[in-house]
Each structure stands twice: as structure tokens, then as C-alpha cells.
Amino acid sequence: MNIEIIYFECNFRKITIYASTYRQICQFACLLIILYFCSLYHQRRKIMELSEQEIIRRKKLEDLLNLGINPYPAAEYEVNATTTEILTEFPKDNSKFQNVSIAGRIMTQRIMGAVSFFEIQDSVGRIQIYAKRDELCPGEDKTMYNSVFKKLDIGDIIGVKGFVFTTQMGEISIHVKEFTILCKSVCPLPIVKEKDGKVYDAFQDPEQRYRQRYIDLIVNPQVKDTFIKRTLLVNTMRNFLNEKGYLEVETPILQPLYGGAAARPFKTHHNTLDMTLYLRIADELYLKKLIVGGFNGVYEFSKDFRNEGMDRFHNPEFTQMELYVPYKDYEWMMNCVEEMVERIALALHGDTKVQVGENIIDFKRPWKRYTMFEAIEHFTGTDISNMDEAQLAEFATSQGVKVDSTMGKGKLIDEIFGETCEHKLIQPTFIYDYPIEMSPLTKKHRSKPGLTERFEAMCNGKEICNAYSELNDPIDQRKRFEDQLELGKRGDTESMVLDEDFLKSLEIGMPPTAGLGIGIDRLAMIMTNSPSIQDVLFFPQMRPEKKPETSSDKDFVERGVPEVWVPVLRKLNINTIDQLKAANPNKLLNDLGGMRKKLKMDVPAVPLDTIKSWVEK
């Protein structure tokens with residue numbers, strides 16, 4: 001004998017039980033009853049954990065289903081206009097848009113009996129819609145207006161068809177002839193209010209905006225402009241490089257050795273190969289191998305990963321564009337960068353001058369140029385070009401740099417420059433001719449011993465790109481890798497590793513090459529006047545969210561609170577025993593009574609003496 005027992009919880013579980021005796025059937029019947037009441041308990045508990053608005057919206061969802069309306073239809077909804085097109089073109093020719101179909105999210109509502117005004121938002125803007133009961137429901141049955149349209153919520157996504165007109169108040173609107181529910185929102189949006197030009201209850205908390213970017217984009221639609229400009233920036237750069245005949249390529253993200261930069265990598269393990277792999281910190285070495293292979297210029301927009309600190313200028317996952325062109329040098333690359341960034345400014349702003357914070361930055365060519373030693377002398381009055389490591393450490397300390405024994409000569413010079421110069425370089429400036437100790441992948445300077453043919457472009461106090469005349473001498477490159485290994489032995493966690501396969505490619509022969517790495521995130525911050533890198537990343541890496549302190553259900557029960565009342569206390573924001581002790585018994589009595597009525601709880605009211613025992617125990 002087979003008995004199929006079905007019970008429902010949150011996720012519609014199904015259990016099939018096999019019975020062969022009458023006694024087993026009775027046991028299973030008892031089990032069914034227990035499961036049924038457990039299900040009811042968990043459903044009620046789940047409801048009590050929802051906010052009042054969430055409960056109301058779920059009830060509306062149920063009502064729609066009872067009316068036979070699918071609130072999440074799968075069929076295509078044809079859209080033939082956008083809000084911006086209507087608002088721009090209709091004033092020029094009011095005979096247009098007489099059969100318009102548009103879709104969007106409800107952002108405001110004004111319901112006035114038999115007529116309603118909503119504002120819907122699509123991907124590019126907002127527009128008012130106007131609906132009249134007797135036009136939506138011309139017959140006797142007014143259900144679609146009274147029980148459906150009027151019951152829509154802010155956040156619901158609908159499609160409407162009708163014609164465009166201008167109201168008596170002069171506002172361009174859509175007169176709705178029919179509508180379709182495309183998505184029922186069961187979680188309310190933050191309501192941003194505006195009165196007399198002032199905005200209230202704005203969704204501006206950075207922590208919440210970055211964690212819930214989807215809400216940020218809905219209620220702060222101007223945020224989209226930043227990401228649209230970022231895409232335009234990338235496309236402009238890509239078009240610039242394609243016009244020059246360079247090839248966009250892809251190289252591995254998972255690498256057996258990390259290289260191409262001085263940084264700490266993320267480490268992972270490949271189970272099948274049983275080997276350690278690293279998320280790339282740069283794609284430089286692979287791109288140089290392609291130059292060895294004979295390509296006439298290659299570039300890649302790459303996601304790179306560095307296991308380092310996080311701040312408003314650094315995210316562990318970031319985007320950069322790397323470019324390598326044979327038979328060119330770093331002076332050619334400076335001119336290339338100037339031309340490319342100037343074009344980006346013009347594409348985004350129609351001007352080479354860009355507002356960044358309190359500064360107006362002009363990207364018009366040519367940019368100012370300093371050697372690294374010239375820059376340090378310019379801003380400190382001291383020439384450090386002939387100092388040894390001990391003298392550099394002493395000077396660095398005098399400039400407020402924290403010095404430790406792991407720092408070699410290159411690291412000390414880098415820290416001195418960062419402390420004394422970098423933040424003062426607001427207008428686009430090239431810093432070039434770096435000390436050899438700072439540049440293990442760079443060609444030695446053709447005429448200045450001890451220096452390399454390297455430059456960085458600085459802007460608004462930060463580096464935006466790094467470029468070299470690439471080192472192609474395999475003997476010299478091996479020696480510099482070995483020097484980096486020595487730094488690693490001294491404790492420098494950002495030193496490079498020795499890559500034999502890359503050295504092999506150089507031994508095959510790489511032509512003289514200019515290389516560039518430009519940070520897309522950092523450049524996007526400048527071009528969109530964004531104060532933090534998190535503002536130009538859709539989903540930036542965040543520190544773990546701090547959970548509010550809370551006592552367990554068991555803690556409340558041990559204090560004498562019946563289990564059924566624990567979620568009710570939590571709805572009243574009493575989440576810890578200390579909060580319960582601090583509660584006013586008389587007020588808590590009234591609050592619990594109100595919640596009992598609102599939640600339609602089929603349990604006796606709690607006497608005042610019982611509440612006092614919870615509080616004063």
C-alpha cells in the first residue's frame with residue numbers, strides 16, 4: 001500500500017511514504033498532522049518577520065493571482081518609445097506618439113477616485129501617465145481599475161499603451177488605454193521626497209548605495225550617467241587603438257606564476273591539476289610574448305586582482321588597459337597617451353577642461369613633464385639623485401616616511417615621491433626617467449646611467465598610467481628578476497618572481513617595444529568627477545557588513561517569553577535581552593496588544609504582570 005503525503009512549507013516540499021500495515025498508516029497520519037501544524041507555525045512566523053508593507057504587498061500579490069492575473073508574465077512586451085523620446089519630440093510635433101507603448105517602474109502615485117496620475121521611470125527618464133476608470137473599464141465590471149490599477153504600488157513595473165497629450169497644467173503625459181502588470185514588487189523602495197526644490201529621505205548612505213546598487217540606480221537615476229560615461233570612455237579608447245591598427249586580445253586570468261607588477265596576488269588551487277594558481281596582477285608578460293610572436297601592437301582591457309589594501313582609490317579587483325607596440329619607445333608613448341586622453345575628455349565633455357572636485361583639469365596637449373628626481377627636488381628643494389640607500393632612508397624619515405629594513409633603494413625613492421610630490425600634481429603631468437631599482441621590467445636609459453626609460457602620468461594627485469621602453473635584453477632581465485628575489489627574501493611581499501618562460505621568450509627575441517598600463521577605474525573617477533573608486537564600479541568589494549547585536553530566541557524563552565511572542569518583540573525592535581530590560585512594561589503592553597491585532601494572532605493577550613516579569617527578572 002502506498003500513501004502519498006504532501007505538505008507545504010516555504011518551498012512546497014513533497015514526501016512519498018510507503019506503508020504496509022494499518023498501524024503504520026496511523027503513525028503516518030499522526031506525522032502528517034504534526035507536519036501540517038509545523039508548516040502553519042513556520043508560515044505564521046515568516047509573516048511576522050516581514051514588515052507591514054511587505055505583508056500588504058504579498059496580500060496584493062495573492063489577490064492578483066486569485067483574479068487570474070500573472071504578475072510575472074513571460075511574454076515579450078513590445079515597447080516603441082522611451083520617455084526621453086516622447087518628452088523631446090512631442091513638443092515639436094504633437095501629432096506624434098498617438099499609439100505609444102512604453103514600460104517602466106512606478107515611482108509616484110496620485111489616485112483621485114475615478115482618475116489616477118502615476119509617474120513611471122524607464123531606462124532613460126520619467127513621464128507622467130493618466131488613467132481614467134471608465135476608459136480602462138468601459139463596461140459594468142470595474143475590477144481592472146478598482147482592484148488592480150488602483151492597488152498597484154510604487155516599485156511595480158507595468159507596460160502601458162495609449163496616446164501622448166499635454167495636461168491642463170502643461171505636463172506632457174500618456175493617456176492610458178490599456179496596461180499590463182510586468183512585475184509585482186513585494187519589497188518597498190526608499191521613497192525620496194522633494195518639496196520646494198529640497199530633497200528629503202534621499203537614499204544617500206554610501207554603504208547602502210554600494211551594497212544595493214540596484215536600489216541606488218532606481219532612486220538615484222543620475223548615478224547611471226557615471227556608468228554611461230565610463231562605457232563611453234572605454235569605447236573611445238578602444239576606437240582610438242583600433243584606428244591605429246592594434247589588435248585587442250585576451251590573456252589568462254589564472255596564471256601559474258604572477259608577474260608584470262610589484263603586488264601581492266590572490267592565490268587559489270586547481271583541483272584536477274593539483275597545482276597552485278594565481279589571479280593575475282597584470283597581463284604584461286603574456287602581451288609581450290605576443291609581441292615576440294610578431295603582432296604589430298596588441299592591447300587588452302583586463303580585470304586584474306591585487307591582494308592589498310582597500311581605500312577610495314583602490315579596489316582589489318580593478319580594470320586596466322595594457323598596450324604594447326613594437327619599434328616604439330617611451331617618448332612616443334607619452335605623445336600617444338596625451339592624444340588618447342585628450343580625445344576621451346572631448347568625447348565625454350565636449351571640452352578638454354574637466355571639473356574634478358574643486359579643480360578644473362585641462363587635458364589639452366602638451367602636458368607638463370618632470371624627471372622623477374626633478375619633481376622631488378622641485379617640491380622638497382633637495383637633490384636625491386646621488387644618495388645611497390642609507391642617505392635615502394635618513395631623508396625619507398625627515399619627510400615623514402615610515403622606513404623599515406625591507407625597503408630597498410627603489411622603494412625608498414618611491415615612498416619619498418609619494419609623500420612629497422604625488423598629491424601636488426593636479427594638472428596632467430608626466431613623471432619620467434625612474435631609478436633602475438624601481439623598474440625591474442624597464443629598459444635602461446639610453447644616456448643616463450642608473451635610470452630607466454619609464455614614465456607615469458599623474459593627474460589630480462594620483463597616477464593614472466605607467467609606461468616603459470620595455471626591457472628586451474634577456475640577460476639584464478634575468479639579473480633584475482634575481483634582484484627582486486633578494487628583496488623577497490628580505491620580506492618585501494610585493495617583489496616579483498622569476499618567470500623562466502617569459503625569459504625564454506626574450507631569448508627568442510623581442511623587438512624594441514613601448515608598453516603602457518592605464519587604470520580605467522582611476523581615469524573614470526577623474527572624467528566623471530567621482531570622489532571614490534566605489535562610485536565608478538557597479539559592485540565594489542565591500543567589507544563584511546556589521547550585523548546588529550541580537551540575542552537568540554532561546555535567550556528570550558529562558559527569560560520567560562513564550563516562543564510565539566519572540567518574533568513580535570523583534571518587530572518592535574527589541575532584539576536583545578538588554579533592550580527588553582530597558583522597555584517600559586506599560587508601553588510594551590500596548591505595543592504587543594496592537595501587534596496581536598494587526599497580525600491576527602490567535603493567542604491570548606499577555607497580562608501586564610507577565611510583561612513585568614520579562615522586564616524585571
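Please read all numbers here as calculations on a predicted model, not as lab measurements. The first residue of the sequence shown is numbered 1, and numbering continues consecutively from there. Note that these values count all heavy atoms, side chains included, but never hydrogens, waters or copies made by symmetry.
Between Phe165 and Tyr130 there is a side-chain heavy-atom pair separated by less than 4.5 Å. Counting only heavy atoms from C-beta outward, the side chains of Trp565 and Met601 approach each other to under 4.5 Å. Using a 4.5 Å heavy-atom cutoff, the side chains of Asp156 and Lys184 are in contact. Two residues are said to be in side-chain contact when any heavy atoms from C-beta on lie closer than 4.5 Å; Leu569 and Gln579 fail this criterion. Proximity of Phe363 to Glu338: side-chain heavy atoms (C-beta onward) are nowhere separated by under 4.5 Å. Counting only heavy atoms from C-beta outward, the side chains of Gln255 and Leu277 never approach each other to under 4.5 Å. In this structure, the side chains of Arg238 and Met321 stay at 4.5 Å or more apart for every pair of heavy atoms. Contact check for Leu588 versus Leu572: side-chain heavy atoms found under the 4.5 Å cut-off.
Closest approach of Ile86 to Ile102, counting heavy atoms only: CD1-CD1, 4.1 Å. Across Asp216 and Phe203, no two heavy atoms sit closer than the pair N-CE2, 3.8 Å. The minimum heavy-atom distance linking Ile172 with Val164 is given by the pair CG2-CG1, 3.6 Å. Counting all heavy atoms, side chain and backbone alike, Asn80 lies closest to Ser101 at OD1-N, 2.8 Å. Here the closest non-hydrogen pair linking Val603 and Arg596 is O-NE, 2.6 Å. The minimum heavy-atom distance linking Val148 with Leu67 is given by the pair CG2-CD1, 3.9 Å.
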Stepwise side chain to side chain donor-acceptor pair (under 3.5 Å) check, Ser530 with Thr528: CA-CA 5 Å; Ser530 298; Thr528 61; 2.8 Å; yes

Working for side chain to side chain contact (heavy atoms under 4.5 Å, CB included), residues Val568 and Leu592: CA-CA 7 Å; Val568 182; Leu592 291 175; 3.8 Å; yes

Intermediate values then yes/no, side chain to side chain contact (heavy atoms under 4.5 Å, CB included), Leu599 and Ile55: CA-CA 10 Å; Leu599 298 173; Ile55 294 170; 4.1 Å; yes

Criterion ring pair (Phe, Tyr, Trp, His ring centres under 6.0 Å) on Tyr299 and Tyr246, from CA distance to verdict: CA-CA 7 Å; Tyr299 71 93; Tyr246 306 140; 7.6 Å; no

Working for side chain to side chain donor-acceptor pair (under 3.5 Å), residues Arg133 and Ser116: CA-CA 8 Å; Arg133 180 187 61 195; Ser116 298; over 6 Å; no

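Side chains of Gln320 and Asp304: a donor-acceptor N/O pair is present below 3.5 angstrom, by distance only. Between the side chains of Tyr324 and Glu322, at least one donor-acceptor pair of N or O atoms lies under 3.5 Å. Remark: the Thr83 side chain and the Asp122 side chain contain an N/O donor-acceptor pair separated by less than 3.5 Å. A donor and an acceptor atom, one from each side chain of Arg280 and Thr251, are located under 3.5 Å apart. With 3.5 Å as the limit, one finds no donor-acceptor pair spanning the side chains of His349 and Gln355. Between the side chains of Arg105 and Gln121, no donor-acceptor pair of N or O atoms lies under 3.5 Å. If you check the side chains of Gln128 and Arg110, you find a donor sitting under 3.5 Å from an acceptor. A donor and an acceptor atom, one from each side chain of Thr108 and Arg126, are nowhere located under 3.5 Å apart.
A salt bridge links Glu243 to Arg343: at least one charged side-chain nitrogen sits closer than 4.0 Å to a carboxylate oxygen. Asp225 and Lys229 are not joined by a salt bridge, as no carboxylate oxygen comes within less than 4.0 angstrom of a charged side-chain nitrogen. Remark: Asp205 does not engage Arg209 in a salt bridge, criterion side-chain N to carboxylate O under 4.0 Å. Asp134 and Lys142 are joined by a salt bridge, as a carboxylate oxygen and a charged side-chain nitrogen come within less than 4.0 angstrom of each other.
Atom CE of residue Met527 and atom CZ of residue Arg522 lie 14.0 Å apart, to the nearest 0.5 angstrom. Here CD of Glu89 is found 12.5 Å from CG of Asn94. Values are rounded to the nearest 0.5 Å.
Side chain of Tyr145 to main chain of Val115: a donor-acceptor pair is present (N/O by atom type, distance under 3.5 Å, no hydrogens or angles). Listed for the Glu85 side chain is a donor-acceptor partner under 3.5 Å among the backbone atoms of Thr82.
You'll find the ring centres of Phe149 and Phe179 inside the 6.0 Å limit.
Shown are Met237, Met525, Lys303; of these, the side chain to side chain contact (heavy atoms under 4.5 Å, CB included) with Ile520 is made only by Met237.
Taking the six-membered ring for Trp and thresholds of 30 and 60 degrees, Phe305 and Phe266 have ring planes more than 60 degrees apart, a perpendicular arrangement.
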